[in-house]
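To keep things clear, I will list the structure first and then write my remarks on it.
Since we're looking at a predicted model, the values are computed, not measured. This chain uses plain numbering: 1 for the first residue, then up along the sequence. In each ligand, atom 1 is the first atom listed, and ligand 1 is the first ligand listed.
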Amino acid sequence: MNPAISIRDLHKAYRTGNVITPVLKGVSLDIAPGELFFITGPSGCGKTTLVSVLCGTLLADSGEIEVLNHNLRRMTESQLTQFRANHVGFVFQQFNLIPSLTITENVAIPLRLQHRSPSSARAAAADMLNRVGLGAKLNARPATLSGGQQQRVAIARALVHQPALVVCDEPTSALDSETGREVMELLKPQPSDSPRTVIVVTHDPRIHHYASTIAAMEDGLIHQPPSAIHS
Ligand SMILES: Nc1ncnc2c1ncn2[C@@H]1O[C@H](COP(=O)(O)OP(=O)(O)O)[C@@H](O)[C@H]1O
Ligand SMILES: [Mg+2]
């Protein structure tokens, strides 16, 4: 089976004026379909940069990157936008919900980006919110919900278009242990769902047991070969 994600010798530096900060220094990585793949490592080591490159929101300087059989480095900006809309869901530490919209409208956004009709998008969003336990709050604004509830809205938004890849950057860091556990229960691939690969950037040891593989990142490199936690 082809890997869901295959990265070879990936380099990325930021340029601010005359200062060049190398961040990815030759990362190579394979992630199999269906994995719940964790990337850990100290703050500043390049985790957010790596996941931004592998979902095409940030361009690499050199190296190869193939995601879901798409060669991201050969795609145009608009092809990358389309690729993300069709195949990728995102969950961030700070939820990133739009405060002026109801939670149903927030969750409907990925479907509207796919040009689904407003009524069908709203129905699918409501269905997804039911599944994450927020069916009684469909017309609530994000600010009226707890942090854990807001992250569940963000997860509903990440999963509503059934993406093959879900990228989560520190999804539990702002949450207490119990809420963090609930978040991981929702994110982990379910046999009844469409197949998905989930990447979780985290330095939260409370959730490590959810991983199928943990890769340690340090100073712009994935140092140890990913270790299989569960066989
Ligand atoms: N847009 C940017 N411009 C310049 N430097 C950046 C930018 N984003 C991140 N960096 C720097 O790149 C390094 C890696 O950042 P990041 O990928 O966010 O690490 P992590 O997610 O592991 O904390 C850090 O030193 C950070 O300061
Ligand atoms: Mg980060």
Side-chain angles (χ1 to χ4, degrees), residues 4-31 35-67 72-73 75 77 80-81 83-84 88-97 147-148 150-151 153-155 157-158 163 165-177 179-180 183-184 186-188 197-208 210-227 229:
I5 292 168
S6 177
I7 292 172
R8 290 293 174 272
D9 200 23
L10 203 70
H11 286 77
K12 172 71 186 176
Y14 293 108
R15 289 173 188 77
T16 317
N18 290 330
V19 182
I20 295 180
T21 312
V23 175
L24 303 181
K25 303 176 182 173
V27 174
S28 297
L29 192 62
D30 281 328
I31 302 180
E35 284 222 60
L36 183 47
F37 192 98
F38 277 35
I39 300 171
T40 66
S43 184
C45 73
K47 303 180 298 297
T48 294
T49 302
L50 177 61
V51 294
S52 303
V53 169
L54 68 77
C55 55
T57 48
L58 192 65
L59 297 179
D61 297 328
S62 65
E64 287 302 316
I65 174 157
E66 193 147 312
V67 180
L72 297 197
R73 298 204 63 221
M75 288 162 73
E77 198 61 41
L80 286 169
T81 302
F83 168 80
R84 279 192 300 275
V88 188
F90 298 92
V91 178
F92 305 95
Q93 178 176 351
Q94 295 305 333
F95 322 136
N96 291 18
L97 302 172
Q150 290 185 55
Q151 195 61 305
V153 176
I155 290 168
R157 181 185 55 189
L165 175 64
V166 180
V167 175
C168 312
D169 196 351
E170 311 267 6
T172 66
S173 298
L175 305 174
D176 63 67
S177 298
T179 312
V183 158
M184 288 311 303
L186 293 170
L187 284 173
K188 72 181 186 190
T197 304
V198 182
I199 298 176
V200 179
V201 167
T202 184
H203 49 228
D204 182 354
R206 301 171 303 183
I207 59 170
H208 278 187
Y210 281 98
S212 58
T213 301
I214 298 182
M217 190 166 186
E218 198 180 339
D219 194 23
L221 285 168
I222 302 275
H223 273 302
Q224 65 195 44
S227 55
I229 304 298

Protein contact of [atom] - nearest heavy atom, named by residue and atom, plus distance:
atom: atom 19 (O) of ligand 1; value: Gly46 N, 3.2 Å
atom: atom 20 (P) of ligand 1; value: Gly44 N, 3.5 Å
atom: atom 15 (O) of ligand 1; value: Thr49 OG1, 4.0 Å
atom: atom 2 (C) of ligand 1; value: Tyr14 CD2, 3.5 Å
atom: atom 18 (O) of ligand 1; value: Thr48 CB, 3.7 Å

Query - Carboxylate-amine/guanidinium proximity below 4.0 Å for Asp176 and Arg206 - result: no
Query raised in the report: Is any N, O or S atom of Ser43 under 2.8 Å away from the Mg ion (ligand 2)?
Result: no
**Report entry** Within-shell test, Ser43 vs ligand 1, heavy atom, strictly < 4.0 Å
**Finding:** yes
**Report entry** Distance-only N or O hit between ligand 1 and Lys47, under 3.5 Å
**Finding:** yes
Does [X] reach the main-chain N or O of [Y] with its side chain, forming a donor-acceptor pair under 3.5 Å?
X: Thr57; Y: Ser52; result: yes
X: Arg8; Y: Ile65; result: no
X: Ser28; Y: Asp9; result: yes
X: Ser212; Y: Leu36; result: yes

Requested in this report: Verify salt bridge (charged side-chain N to carboxylate O under 4.0 Å, His left out) between Asp219 and Lys25, making sure each step is shown before the conclusion.
Outcome: CA-CA 8 Å; Asp219 194 23; Lys25 303 176 182 173; 2.7 Å; yes
Query raised in the report: Pick from His203, Met217, Glu218, His208: which one makes a side-chain contact (heavy atoms from CB on, under 4.5 Å) with Thr40?
Result: His208
Query raised in the report: atom 27 (O) of ligand 1: protein heavy atom closer than 4.0 Å?
Result: no
Requested in this report: Could you tell me which atoms of ligand 1, counted from 1 in the order shown, lie closer than 4.0 angstrom to a heavy atom of Val23?
Outcome: 12 (O), 13 (C), 14 (C)
